[in-house]
Amino acid sequence: MALRLHNTLSGKVEDFQPLNDNKVGIYTCGLTVYGYAHIGNYRTFVFQDVLRRYLKYRGYEVNQVMNLTDVDDKTIKNAQAAGLDLREYTDKFIEAFEVDRELLNLETPERVPRATDHIDGMVKLIQKLIENGLAYSSEGSVYFRVANFKDYGKLSKMDLEGMRAGARVDSDEYDKADARDFVLWKAHKEGEPYWDTPLGRGRPGWHIECSVMSMQYLGETFDIHSGGADLVFPHHENEIAQSEGATGKPFVRYWLHAAHLIVNGEKMSKSLGNYYTLRDLIAKGFKPSAIRYLLASVPYRKQLNFTFDGLHQAQQSLDRLRNFRFRLRQEKFPEGESAELQARAQAALASFEKALDDNLNTAEALGAVFDLVREGNTAMDEGKFRDGDRAAFLKVLESWDRVFAVLEDNDFEKLRKFGFVKTVEGAVTVDAALVQDAATGTPADESYTAAVLAEALPDGEIEKQIAERNEARRRGDFARADQIRSQLAQAGVILEDTKSGTRWKRK
RNA sequence: GGCGCGGUACCCAAGUGGUAAGGGAGAGGUCUGCAAAACCUUUACGCGUGGGUUCGAUUCCCACCCGCGCCUCCA
């Protein structure tokens with residue numbers, strides 16, 4: 001069965017067929033780097049990563065471009081407020097974004113170009129639009145003449161006449177001939193960064209960078225373009241106008257849009273106090289892998305209601321999967337293999353692929369793997385599981401995780417690597433500066449939960465205590481054994497006695 | 001007002017014209033020195049409301065109610 005994806009352009013789920021054999025060109029709208037990215041951004045980025053990973057899983061050769069918009073009103077304003085040069089300011093948040101991406105296991109796209117490195121290309125594209133009669137200058141700025149592009153509105157299904165009638169008063173001080181027109185190049189204003197170009201001194205408008213960078217790296221027509229639902233209009237609509245207006249060719253074949261994340265049923269916003277960056281959640285003790293799991297578990301076209309309860313549930317679900325993998329790897333089973341279980345593993349893999357083929361139905365894909373987990377655990381409990389079944393089951397988990405990328409429990413390593421937590425004299429400290437939400441200036445919650453504190457105990461120390469406890473158990477000194485177990489529990493380490501020995505995990 | 005998405009158990013959530021996946025949480029049980037993990041049982045006679053089509057609808061059609069998003073800041 002073929003991969004099917006919902007195309008915003010047609011409003012339908014379509015069979016996916018790349019332009020060139022098995023090569024797929026994808027442009028994913030990245031971040032405007034005016035501050036730390038928030039979890040709403042990451043909902044979209046996780047979706048894009050799942051898409052990317054599944055395309056690879058399906059054998060496609062992926063060429064992904066993710067832009068960084070490092071010049072716009074907000075970046076300029078925030079840089080000025082911070083007393084930094086625009087480049088210095090955006091460098092800082094690009095770096096933070098890279099850290100976040102690694103924490104969330106987002107694969108690095110083939111290219112991550114910055115808008116300000118492509119000014120020349122923007123100028124050329126704008127000149128081409130002027131030549132084609134689709135753009136005009138006014139007071140040193142250049143605007144796109146929407147009325148001259150007949151397909152305008154085809155992506156967002158906007159009613160052009162309605163737009164004209166209902167257009168808001170343009171608060172911008174630039175002069176446009178028509179309220180619907182949008183700016184391609186902004187004339188220089190005192191105190192703002194600028195580039196001297198054949199178009200005059202100024203800076204680019206918001207949408208042009210995406211047209212330029214996508215076509216430069218992926219060609220004038222490419223396969224997939226994606227982003228958050230809010231970008232359908234005006235951003236992507238304008239990109240189509242700019243690109244097709246210049247080339248006369250279809251710009252993008254499949255447009256994919258992720259529904260928004262809301263928090264406790266409300267739109268996330270700073271004024272409501274429900275605005276979270278990844279760092280905010282880390283500061284509250286949540287694991288990046290659990291955050292990724294939550295963001296990936298709801299199919300991308302469905303609005304995701306983020307709650308702390310939901311995040312907790314995600315962590316619990318993830319633990320179940322990890323427990324199963326642990327058992328699969330560690331437990332001893334009789335020789336041989338079970339034809340029935342082998343068939344079940346095959347069926348689970350097929351269900352998983354069928355679910356993702358269906359417009360990336362991650363919730364259903366999750367169901368497929370949990371079914372197998374239960375069946376595997378049952379077989380083990382009943383003594384029906386065979387050593388030869390191990391590989392087949394592990395393969396399903398590994399296949400699943402090639403797309404979900406959450407099973408590896410290495411959150412602490414990463415948090416330590418980036419300095420979010422440090423071990424000082426046996427205790428964990430949190431780097432307050434790093435987990436601070438710079439956008440709001442609010443200091444992060446300094447009380448780390450046991451989830452992260454637990455990570456501080458070195459493995460060797462934990463194992464030493466387990467050995468001591470097991471010795472006590474052998475002596476029948478259960479009081480001592482329970483004391484050790486509860487001490488470890490307080491430090492966030494959970495012990496589990498199994499037939500093949502005591503295992504432990506960090507909570 | 002226009003365009004769009006959605007309303008499924010305590011929470012998250014899949015899904016089909018033929019009688020409701022999966023996860024979390026709760027309760028009871030098995031196992032365990034006790035736990036944990038795991039397993040079993042249990043929690044929607046019902047899928048926003050009202051009509052309609054049909055032998056039969058949660059699934060199709062119509063109307064209505066509610067939530068959310070977009071309508072040039074926004075992933």
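Fair warning: this is a prediction, and the values are worked out from it, not measured in the lab. Naming convention: chains lettered A, B, ... in sequence-line order (proteins, then strands); numbering from 1 in each chain.
Spacing between atom CZ of A/Phe370 and atom P of B/C12 amounts to 17 Å, rounded to whole angstrom units. At whole-Å resolution of the value, CZ in A/Arg374 and C1' in B/A21 are 9 Å apart. Straight-line distance from the CD atom of A/Glu237 to the P atom of B/C3: 16 Å, rounded to whole Å. If you take NE2 of A/His6 and C1' of B/G6, they are 14 Å apart, rounded to a whole angstrom. If you measure from atom NE2 of A/His257 to atom P of B/C68, you get 23 Å, rounded to the nearest angstrom. A/Phe404 places its CZ atom 12 Å from the C1' atom of B/G22, with the value rounded to the nearest Å. For the pair A/His236 NE2 and B/C3 P, the interatomic distance rounds to 23 Å; values are reported in whole Å. A/Phe233 has its CZ atom 15 Å from the P atom of B/G4, to the nearest Å.
When the side-chain nitrogen and oxygen atoms of A/Lys157 are compared with OP1 and OP2 of B/C71, none of them lie within a distance under 4.0 Å. Considering only side-chain N and O atoms, A/Tyr34 lies under 4.0 angstrom from the phosphate OP1 or OP2 of B/A75. Contact annotation: A/Asn377 side-chain N/O to B/A37 OP1/OP2 distance is not under 4.0 Å. Note on A/Trp206: a side-chain N or O is less than 4.0 Å away from OP1 or OP2 of B/C74. Of the side-chain N and O atoms in A/Gln313, none sit less than 4.0 angstrom from OP1 or OP2 of B/A25. For A/Arg320 and B/A38, the shortest distance from a side-chain N or O to OP1 or OP2 is below 4.0 Å. Look at A/Lys505 and you won't find any side-chain N or O under 4.0 angstrom from OP1 or OP2 of B/A37.
Among the nucleotides B/G24, B/A75, B/A14, the one closest to any side-chain atom of A/Gln316 is B/G24. In the set B/G7, B/C5, B/U72, B/C5 carries the atom at the smallest distance from any side-chain atom of A/Arg301. Nearest to the side-chain atoms of A/Thr378 among the listed nucleotides B/A36, B/C40, B/C11 stands B/C40. Ranking B/G23, B/G33, B/C11 by closeness to the A/Ser317 side chain, first place goes to B/G23. Distances were taken from every side-chain heavy atom of A/Ile262 (C-beta onward) to each of B/G33, B/C68, B/A13; the shortest belongs to B/C68. The side chain of A/Arg503 lies closest to B/A37 when the candidates are B/A14, B/A37, B/C34. Comparing atom distances between the A/Asn361 side chain and each of B/G15, B/A75, B/C11 picks out B/G15 as nearest.
Summary of the strand contacts: A/Asp230 and A/Ala368 both lie near RNA chain B, and taking for each the nucleotide with the nearest heavy atom, the more 5' one is attributed to A/Ala368. Along RNA chain B, the nucleotide nearest to A/Val373 and the one nearest to A/Ala229 differ in position, and the one closer to the 5' end is contacted by A/Val373.
A salt bridge links A/Glu496 with A/Lys505; the closest basic N to acidic carboxylate O contact falls under 4.0 Å. Between A/Asp477 and A/Arg473 no salt bridge is recorded (no basic side-chain N to carboxylate O distance below 4.0 Å). Between A/Lys154 and A/Glu244 there is a salt bridge, since at least one side-chain N of the basic residue sits less than 4.0 Å from a carboxylate O of the acidic one. Salt-bridge annotation for A/Asp411 and A/Arg292: absent, with no side-chain N of the basic residue lying under 4.0 Å from a carboxylate O of the acidic one. The pair A/Lys287-A/Asp319 does not count as a salt bridge, with every side-chain nitrogen at least 4.0 angstrom from each carboxylate oxygen. Residues A/Lys12 and A/Glu14 are not paired through a salt bridge, judged by the lack of any N-O separation under 4.0 Å between the basic side chain and the carboxylate. Salt bridge annotation for A/Arg474-A/Glu471: present, with a cationic side-chain nitrogen under 4.0 angstrom from a carboxylate oxygen.
A donor and an acceptor atom sit less than 3.5 Å apart, one in the side chain of A/Asp497 and one in the base of B/C34. Contact annotation: side chain of A/Arg485 to base of B/C34, donor-acceptor pair present below 3.5 Å. Evaluation of atom-type donor-acceptor distances gives no pair under 3.5 Å for the side chain of A/Gln303 against the base of B/C5. For A/Asp482 and B/G33, a side-chain-to-base donor-acceptor distance below 3.5 Å is present, hydrogens and geometry of angles not being considered. No hydrogens or angles were tested; on distance alone, nothing pairs the side chain of A/Arg43 with the base of B/A75 as donor and acceptor under 3.5 Å. Looking at A/Lys267, its side chain comes within 3.5 Å of the base of B/C74 through a donor and an acceptor atom.
Across all strands, A/His38 comes closer than 4.0 Å to base atoms (heavy-atom distances). Residue contacts shown for A/Gly265 are limited to sugar-phosphate atoms, with no base heavy atom under 4.0 Å away. Residue A/Arg325 is classed as having no contact, given no heavy-atom separation below 4.0 Å to the nucleic acid. Counting any heavy atom pair closer than 4.0 Å across all strands shown, A/Ala258 reaches no nucleic acid atom.
The C1' atoms of B/U72 and B/G2 are separated by 15 Å, rounded to the nearest whole Å. Atom name P, nucleotides B/A44 and B/G1: the rounded distance is 39 Å, in whole Å. Distance noted for atom P between B/C45 and B/U58: 13 Å (whole Å).
Among A/Leu86, A/Thr116, A/Asp73, the one residue that satisfies the side chain to side chain contact (heavy atoms under 4.5 Å, CB included) test with A/Arg203 is A/Asp73.
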